[in-house]
Amino acid sequence: MIPGREEWMRALIERHGEACHRRFQSAVAAVCGLGGLGSNIAIALARAGVGKLILIDFDRVDLTNLHRQQYKASQIGQYKTQAMQDNLREIAPYTELETHAVRITEENLQELLRGADIVCEAFDNAQSKAMLVNGVLEELPGTVVVAASGMAGLGTPNSVRTRKITDRFYLCGDGISEVQTAQSLVAPRVMLCAAHQALTVLRILAGENE
Amino acid sequence: MITINGVETDLAGKTIADYLSATRYDPGRIAVERNGEIVFKSRYGETVLEDGDTVEIVSFVGGG
């Protein structure tokens, strides 16, 4: 038996306090890319009670994703947007979701992201990361972007950190650990970076801007 | 002096584009912050570095 909306919100208020809960509930966060970073960010933000998530990814769930991404074997072949929507409906049923199974480009990012207060960059490709960060900062003047760079391999968790580059641009990761054939991504280090991003989103929403 | 990624350099009068073309940065993988603001990509060629500027070139690496 799934608890009703009011009971659900009461439980969140008990955990986060009324003021924080209201800020989380009234926020819209976009998650761009639903891979190792994005799938973990989306779940963390939904659990925390962020009111609405915009989930964007053009790709489908593949067997090679399951070592680090929050999907199930039964979801192989599904669009990640659909699979994540289904998973989030079970985890946090009162989170409003908007999904787009498209590739984000310089041409469509303004249209896709203009409803978001905060955009999480969760791509795996370096050029796409730079395109999204520059695009949001140039074209969406009221929007904050929380990006990630450097979380591959088995390096120490303690080198993953969050830096505030400008008032509207936060960067998480170790800055250097790139995906190479010999240095793949492992779930806990990607989750660590995703946790930095999700926590940064919540801190910004709560008014903790440093 | 101009501080770029923590290193002091003598580049006053040069543009961001001048600096980038003399380095190995891939312009498709970076974001440029100057004195707390992002420099739009379309303005790299006209943004002249001035004495006292602090610049950070954020170079993205793949993985996610």
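- Only the side chain of B/Glu33 comes within contact range of chain A, with heavy atoms under 4.5 Å apart.
- Just one residue in the list A/Leu132, A/Leu171, A/Asn125 forms a side-chain contact (heavy atoms from CB on, under 4.5 Å) with B/Phe60, and that residue is A/Leu171.
- Proximity to chain B (any heavy atom under 4.5 Å) is restricted, for A/Ser177, to the backbone atoms N, CA, C and O.
- Side-chain contact check for B/Asp26 versus A/Gln127: some heavy-atom pair is nearer than 4.5 Å.
- By the 4.0 Å N-to-carboxylate-O rule, B/Lys41 lies too far from A/Glu106 to be salt-bridged with it.
- Closest of all the heavy-atom pairs between B/Gly64 and A/Leu37 is CA-CD1, 3.5 Å.
- Heavy atoms of A/Phe169 lying under 4.5 Å from chain B belong exclusively to its side chain.
- Summarising the geometry of A/Thr166 relative to B/Gly36, their closest heavy-atom pair is CB-O, 3.3 Å, with the distance given to 0.1 Å.
- Scanning residues 68-80 of chain A against chain B with a 4.5 Å heavy-atom cutoff picks out A/Arg68, ordered by number.
- One finds the CD1 atom of B/Ile38 at 11.0 Å from the CG atom of A/Asp167 (value rounded to the nearest 0.5 Å).
- Crowding of A/Arg89 atom CZ: a count of heavy atoms from other residues, nucleotides or ligands under 6.0 Å exceeding 12.
- Residue-environment remark: CG (A/Asn209) exceeds the threshold of 12 foreign heavy atoms within 6.0 Å.
- Scanning all heavy atoms of the two residues, the minimum distance from B/Gly28 to A/Ala130 falls at O-CB, 3.4 Å.
- Within residues 135-163 of chain A, the residues having any heavy atom less than 4.5 Å from a heavy atom of chain B are, in residue-number order, A/Leu137, A/Glu138, A/Ala147, A/Ala148, A/Ser149, A/Gly150, A/Met151, A/Arg163.
- In terms of heavy-atom pairs under 4.5 angstrom with chain B, the leader among A/Val133, A/Val190, A/Asn40 is A/Val133.
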